[in-house]
Engineer: 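Have a look at this one before I ask anything.
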Amino acid sequence: MSYRIRYLSLALAVAWAGVIFILSSQPGTYVPLLFAGQDKLLHALVFSVLGFLALGAMKPAGRGYTWIQFVLAIALTGAYGVLDEVHQHFVPGRVTDIYDALADITGAILGTGVLYVLNRWRHRG
């Protein structure tokens, strides 16, 4: 994978993390619920993008990303999700929710997993 793609992924990951922080800093924002679990799905989607970009910022080995890179991207993204929940504890009108953190980690696994599998499939042979 081109170093330009990796640097773009890194820049986008940092920007996306910034967007997450800004949105989490908004006091007591209300999003109308269309269905049960909508907020958890949104958490998972947001953090799947971050996980995808985090892994994309790493240099794959000859046959694709390594298992260690996969786990590291999940750990970094998941840790950011947990820290985001802690951050919300200090924002008026926001709450810290362990289930939101679990949805963030699930999203990290899914987004990172998609890129990991696609990259492995591309380098199979």
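The chain is numbered in sequence order, starting from 1.
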Engineer: Establish whether Val114 and Leu55 are linked, either directly or via other cluster members, by ILVMFWY side-chain heavy-atom contacts under 4.5 Å.
Structural biologist: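 Per the 4.5 Å side-chain linkage, Val114 and Leu55 are co-clustered.
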Engineer: What's the shortest heavy-atom distance between Ala13 and Ala54, and which atoms?
Structural biologist: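 Closest heavy-atom pair between Ala13 and Ala54: CB-N, 4.3 Å.
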Engineer: Can you pull the ring pair (Phe, Tyr, Trp, His ring centres under 6.0 Å) pairs that have at least one residue in residues 74-110, sequence neighbours excluded?
Structural biologist: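 Sorted result for residues 74-110: Phe21-His87.
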Engineer: What residues, two or more places apart in sequence or in another chain, satisfy ring pair (Phe, Tyr, Trp, His ring centres under 6.0 Å) together with Tyr116?
Structural biologist: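 Partners of Tyr116 by the ring pair (Phe, Tyr, Trp, His ring centres under 6.0 Å) criterion, ordered by chain and then number, come out as Phe70.
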Engineer: Has the side chain of Gln88 got a donor or acceptor atom that lies under 3.5 Å from a matching backbone atom of Ser25?
Structural biologist: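 The answer is no, because no donor-acceptor pair under 3.5 Å joins these two groups.
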Engineer: When you measure from the side chain of Trp16 to the backbone of Leu53, do you find a donor-acceptor pair of N or O atoms at a distance under 3.5 Å?
Structural biologist: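 No.
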Engineer: Quick one: does Gln26's side chain have a donor or acceptor within less than 3.5 Å of a partner on Ile22's backbone?
Structural biologist: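 Present.
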Engineer: Hey, any chance Val71 and Leu118 share a hydrophobic cluster, counting ILVMFWY side chains that come within less than 4.5 Å of each other, even indirectly?
Structural biologist: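 Shared cluster, yes.
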Engineer: Could you tell me whether the side chain of Thr112 and the main chain of Gly51 form a donor-acceptor pair under 3.5 Å?
Structural biologist: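 It does hold such a pair.
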Engineer: Could you tell me the separation between the CG atom of Leu76 and the CG atom of Leu72, rounded to the nearest 0.5 Å?
Structural biologist: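 Leu76 CG to Leu72 CG: 4.5 Å, rounded to 0.5 Å.
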Engineer: Testing the basics here: between Ala101 and Val82, what is the closest heavy-atom pair and its distance to 0.1 Å?
Structural biologist: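 It is CB-CG2, 4.3 Å.
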Engineer: Which residues pass the side chain to side chain donor-acceptor pair (under 3.5 Å) test with Asp97, sequence neighbours left out?
Structural biologist: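 Applying side chain to side chain donor-acceptor pair (under 3.5 Å) to Asp97 gives Lys40.
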Engineer: Work out which heavy atom in Leu50 is nearest to a heavy atom in Ile20; give both atom names and the distance.
Structural biologist: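 Looking at all heavy atoms of both residues, the shortest contact is CD2-CD1, 4.1 Å.
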Engineer: Under the 3.5 angstrom rule, does the side chain of Ser24 hit a backbone N or O of Asp84 as a donor-acceptor pair?
Structural biologist: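 Not confirmed, Ser24 side chain does not pair with Asp84 backbone.
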Engineer: What closest approach, in Å, do Ala108 and Gly78 show between heavy atoms, and which atom pair accounts for it?
Structural biologist: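 Distance-wise, the nearest heavy atoms are CB-N, 4.1 Å.
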Engineer: If you take all heavy atoms of His43 and Glu85, which pair is closest and at what distance?
Structural biologist: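 Taking every non-hydrogen atom into account, CE1-OE2, 3.4 Å.
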Engineer: Using modelled atom types only, decide if a donor and an acceptor are shared between the side chain of Arg63 and the backbone of Arg120 within a distance under 3.5 Å.
Structural biologist: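 A pair under 3.5 Å: no.
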Engineer: Checking one residue: Leu110. Which other hydrophobic residues are in its cluster under the side-chain 4.5 Å linking rule?
Structural biologist: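 Traced through the cluster, Leu110 reaches no other member.
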Engineer: If you link I, L, V, M, F, W and Y whenever their side-chain heavy atoms are under 4.5 Å apart, who else ends up in the same group as Leu45?
Structural biologist: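 Hydrophobic cluster check, Leu45: joined to Leu34, Phe35, Leu41.
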Engineer: From Leu115 CG over to Met58 CE, what is the distance, rounded to the nearest 0.5 angstrom?
Structural biologist: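 It is 10.0 Å, given to the nearest 0.5 Å.
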Engineer: Would you compute the distance between atom OG of Ser9 and atom CZ of Phe52 and round it to the nearest 0.5 angstrom?
Structural biologist: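 Separation between the atoms: 7.5 Å.
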Engineer: Pair Phe47, Ile105 - check side chain to side chain contact (heavy atoms under 4.5 Å, CB included), show working.
Structural biologist: CA-CA 7 Å; Phe47 279 86; Ile105 294 166; over 6 Å; no
Engineer: Could you tell me whether the side chain of Gln38 and the main chain of Pro32 form a donor-acceptor pair under 3.5 Å?
Structural biologist: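 Checking the backbone N and O of Pro32 against the side chain of Gln38, a donor-acceptor pair under 3.5 Å is found.
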Engineer: Considering only Ile, Leu, Val, Met, Phe, Trp and Tyr, and joining two whenever side-chain heavy atoms are under 4.5 Å apart, list the other residues clustered with Leu33.
Structural biologist: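 Cluster partners of Leu33: none, it stands alone.
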Engineer: What closest approach, in Å, do Pro27 and Val91 show between heavy atoms, and which atom pair accounts for it?
Structural biologist: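 Heavy atoms of Pro27 and Val91 come nearest at CA-CG1, 3.8 Å.
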Engineer: At what distance, to the nearest 0.5 angstrom, does CG of Asp104 lie from CD1 of Ile109?
Structural biologist: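 Atom-to-atom, Asp104:CG and Ile109:CD1 are 11.0 Å apart.
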